[in-house]
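The sequence lines fix the lettering, A, B, ..., with proteins before strands; numbering per chain opens at 1.
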2 protein chains.
Amino acid sequence: MLSLTEENYLKAIYHLSDGGSKAVLTNELAEAMNTKAASATDMIKKLSAKEFISYEKYYGVNVTHKGKVEALMVIRKHRLWETFLVDKLGFNWDEVHEVAEQLEHINSSRLIEKLDEFLGYPKVDPHGDPIPDNKGKIKAQPQLPLDQLKKGYLGKIAAVKDSDSNLLKYLDKIGAKPGTKIKILGKEDYDDSMEVLIDDHRVFISKEVSQNILVSE
Amino acid sequence: MLSLTEENYLKAIYHLSDGGSKAVLTNELAEAMNTKAASATDMIKKLSAKEFISYEKYYGVNVTHKGKVEALMVIRKHRLWETFLVDKLGFNWDEVHEVAEQLEHINSSRLIEKLDEFLGYPKVDPHGDPIPDNKGKIKAQPQLPLDQLKKGYLGKIAAVKDSDSNLLKYLDKIGAKPGTKIKILGKEDYDDSMEVLIDDHRVFISKEVSQNILVSE
DNA sequence: AATATTTTTTAGGCTAATCTAAATTTTTAT
DNA sequence: ATAAAAATTTAGATTAGCCTAAAAAATATT
Ligand SMILES: [Mn+2]
Ligand SMILES: [Mn+2]
Ligand SMILES: [Mn+2]
Ligand SMILES: [Mn+2]
């Protein structure tokens with residue numbers, strides 16, 4: 001059993017390590033958690049003692065298999081709750097993250113299975129992020145940030161970065177939501193801004209924005 | 001802002017005081033919270049400093065108006081979540097209390113208003129307990145424990161005590177749920193057991209059980 | 001009214017999660 | 001290869017919520 005704080009640290013480590021594929025440094029973790037390095041070190045020791053991460057002094061931490069599964073369960077809950085808030089309660093997609101940050105710590109496997117069923121076993125959350133199944137498996141579709149593609153590209157929006165509420169409001173306004181077709185009509189070499197076709201609407205977007213739109217196909 | 005622990009203490013004080021109508025003693029509170037008297041005293045001082053309760057040393061505590069409203073908001077959330085779990089997720093009524101104990105601490109007024117709307121503004125929870133509105137108002141219908149009535153009584157089940165999961169399972173089995181008509185066919189003076197008609201079924205119930213069925217009309 | 005019992009409070013400690021400041025180790029720059 | 005800089009860890013406090021043991025106050029009993 002992890003405390004709420006331990007769950008949050010572990011989730012942050014999982015995300016910062018790109019799903020367990022690289023080591024996470026103490027300062028990175030402290031910054032992500034809005035705490036100080038000394039606090040991060042303390043928590044690293046605790047999670048390491050419980051074998052959710054492996055830790056070599058001064059060289060950062062890696063998530064263990066056990067840690068990955070645990071982190072994915074929290075992420076599963078977060079994304080199911082976000083889906084519930086948008087699909088059932090009518091929240092906008094820029095309003096759900098903070099509430100889901102609380103709901104993800106509710107501890108009841110029965111609840112989360114029932115919720116999953118109630119939502120119709122969704123594969124992705126409102127921002128297009130995949131929802132792990134109850135074993136921690138994720139159906140990862142290969143995704144690319146839009147800014148790395150060039151004129152003429154035609155594909156589908158797979159997901160958007162869900163961190164900034166204002167960005168989400170803007171993306172909503174221009175119709176950029178997961179599942180929508182998108183085409184790059186032109187790209188400006190100087191600043192990587194581009195003109196795109198989203199849902200038959202022509203829009204100019206900056207690199208700032210295109211970096212946060214993930215496409216597939 | 002109250003911590004989760006403060007919310008739980010305040011709710012316990014509210015319930016033990018019968019909605020603010022009598023003083024609550026330190027030992028009572030400690031027992032209800034499964035802590036020791038010293039811990040209860042500590043918390044009493046904190047809640048008193050924040051003016052959710054008034055406190056006279058050695059003579060127990062009373063809930064203030066501010067404290068009542070706060071407690072009722074937690075109770076509102078608890079009962080709305082219980083309703084959600086039963087009505088939408090298909091939980092049995094004996095499975096919801098523990099989960100609702102966690103969910104009642106989620107802090108988002110938007111969430112609770114949306115949830116209320118989603119549920120169709122229910123007036124009572126699955127156990128028949130009234131759900132306070134967002135101002136803390138409760139529509140209290142006068143209720144009596146069934147064991148205090150005699151042969152020939154005809155009325156409706158208003159609520160059942162929701163504390164014991166095994167009792168709830170039993171009540172479910174005999175069809176004793178809020179809204180159901182109930183008639184006392186006979187009562188045994190010796191032990192106050194009775195034969196009742198619930199939903200056209202004849203059932204013998206002990207005083208143990210009839211005490212926990214609240215009727216109205 | 002004095003004493004015994006019960007209840008409540010206080011004193012002093014413990015753990016989790018945080019901090020600041022100091023010490024240590026690694027990394028970078030000369 | 002040293003010295004300076006940066007990153008990390010350790011040491012020592014603090015706060016919330018809990019505990020046990022002791023002191024104090026209220027209540028009950030003789
Ligand atoms: Mn989110
Ligand atoms: Mn999301
Ligand atoms: Mn309940
Ligand atoms: Mn209830």
Side-chain angles (χ1 to χ4, degrees), chain A residues 1-17 22-63 67 70-71 74 98 101-102 104-107, chain B residues 1-17 22-63 67 70-71 74 98 101-102 104-107:
Chain A
M1 263 294 75
L2 292 182
S3 72
L4 185 147
T5 309
E6 288 170 327
E7 282 190 353
N8 281 333
Y9 269 94
L10 181 57
K11 186 170 57 117
I13 292 169
Y14 178 85
H15 283 311
L16 290 170
S17 72
K22 66 180 199 221
V24 175
L25 304 177
T26 304
N27 274 347
E28 272 186 286
L29 180 56
E31 180 173 347
M33 293 304 294
N34 279 299
T35 57
K36 297 303 163 73
S39 307
T41 301
D42 281 350
M43 187 53 80
I44 283 169
K45 284 177 184 167
K46 276 214 290 182
L47 289 174
S48 178
K50 294 182 179 181
E51 300 188 306
F52 291 102
I53 58 179
S54 63
Y55 168 47
E56 209 186 334
K57 252 190 187 182
Y58 292 100
Y59 293 92
V61 301
N62 284 94
V63 193
E70 198 68 24
V74 179
E98 292 310 310
E101 283 293 308
Q102 296 182 59
E104 71 188 7
H105 302 289
I106 301 292
N107 185 3
Chain B
M1 264 295 75
L2 292 181
S3 73
L4 185 147
T5 309
E6 289 170 326
E7 282 190 352
N8 280 333
Y9 269 92
L10 181 58
K11 185 169 57 118
I13 292 168
Y14 178 85
H15 284 310
L16 290 169
S17 72
K22 66 180 199 222
V24 175
L25 303 178
T26 302
N27 273 347
E28 272 185 286
L29 181 57
E31 179 171 349
M33 294 302 296
N34 279 301
T35 57
K36 298 302 163 73
S39 306
T41 301
D42 282 350
M43 187 54 79
I44 282 169
K45 285 178 182 166
K46 275 215 290 181
L47 289 173
S48 178
K50 294 183 178 181
E51 301 189 303
F52 290 101
I53 57 179
S54 63
Y55 169 48
E56 209 187 334
K57 253 191 187 182
Y58 291 100
Y59 293 92
V61 302
N62 283 95
V63 193
E70 199 68 23
V74 179
E98 292 310 309
E101 284 292 308
Q102 296 181 60
E104 71 188 8
H105 302 290
I106 302 291
N107 185 3

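- Phosphate proximity of C:dT8 to B:Tyr55: absent, as no side-chain N or O sits under 4.0 Å from OP1 or OP2.
- Applying the side chain to side chain contact (heavy atoms under 4.5 Å, CB included) test to B:Asn107 and every residue at least two apart in sequence or in another chain returns A:Gln102, B:Met1.
- Where A:Ala37 and A:Tyr59 meet DNA chain C, the nucleotide closest to each residue was compared, and A:Ala37 sits on the side nearer the 5' end.
- OP1 or OP2 of D:dA6 has not a single side-chain nitrogen or oxygen of A:Asn27 nearer than 4.0 Å.
- Comparing B:Ala40 and A:Ser3 by the nucleotide of DNA chain C that holds the closest heavy atom to each, the one mapping nearer the 5' end is B:Ala40.
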Every protein N/O lying under 3.5 Å from an N/O of nucleotides 20-24 of chain D:
{"residue": "D:dT20", "atom": "OP2", "partner": "B:Lys36", "partner atom": "NZ", "Å": "3.2"}

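- In this structure B:Glu104 satisfies the salt bridge (charged side-chain N to carboxylate O under 4.0 Å, His left out) test together with B:Lys11, sequence neighbours excluded.
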Test A:Leu47 against A:Ile13 for side chain to side chain contact (heavy atoms under 4.5 Å, CB included), laying out the working first.
-> CA-CA 11 Å; A:Leu47 289 174; A:Ile13 292 169; 4.0 Å; yes
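- Atoms CD (B:Glu56) and P (C:dT9) sit 11 Å apart, rounded to a whole Å.
- Taking atom CD on B:Glu28 and atom C1' on C:dT9, their separation rounds to 17 Å, with Å as the unit.
- Partners of B:Lys57 by salt bridge (charged side-chain N to carboxylate O under 4.0 Å, His left out), not counting sequence neighbours: none found.
- Whole-Å rounding puts the A:Leu25 CG to C:dT27 C1' distance at 12 Å.
- Applying the side chain to side chain contact (heavy atoms under 4.5 Å, CB included) criterion to A:Lys50, with sequence neighbours excluded, gives A:Leu2, A:Glu6, A:Phe52.
- If you take CG of A:Leu2 and P of C:dA16, they are 13 Å apart, rounded to a whole angstrom.
- For the pair B:Thr41 and C:dT9, the criterion of a side-chain N or O lying under 4.0 Å from OP1 or OP2 is met.
- To the nearest angstrom, P of C:dT7 lies 15 Å from CD1 of B:Ile44.
- Rounded to whole Å, the distance from CG on B:Asp42 to C1' on C:dT9 is 10 Å.
- The nearest whole Å value for the distance from the NZ atom in A:Lys45 to the C1' atom in D:dT9 is 6 Å.
- Atom-to-atom, CG of B:Leu47 to P of D:dA16 comes out at 13 Å; the value is rounded to the nearest Å.
- Between the side chains of B:Tyr55 and B:Thr26, no donor-acceptor pair of N or O atoms lies under 3.5 Å.
- Heavy atoms of A:Thr5 sit under 4.0 angstrom from primed sugar atoms or phosphate atoms, though from no base atom.
- Residues that satisfy the salt bridge (charged side-chain N to carboxylate O under 4.0 Å, His left out) test with A:Glu28, not counting sequence neighbours, are absent from this structure.
- Residue A:Lys57 has its side chain nearest to D:dT10 when only D:dT10, D:dC18, C:dT18 are considered.
- Closest to the side chain of A:Thr26, out of C:dT8, D:dC18, D:dT9, is D:dT9.
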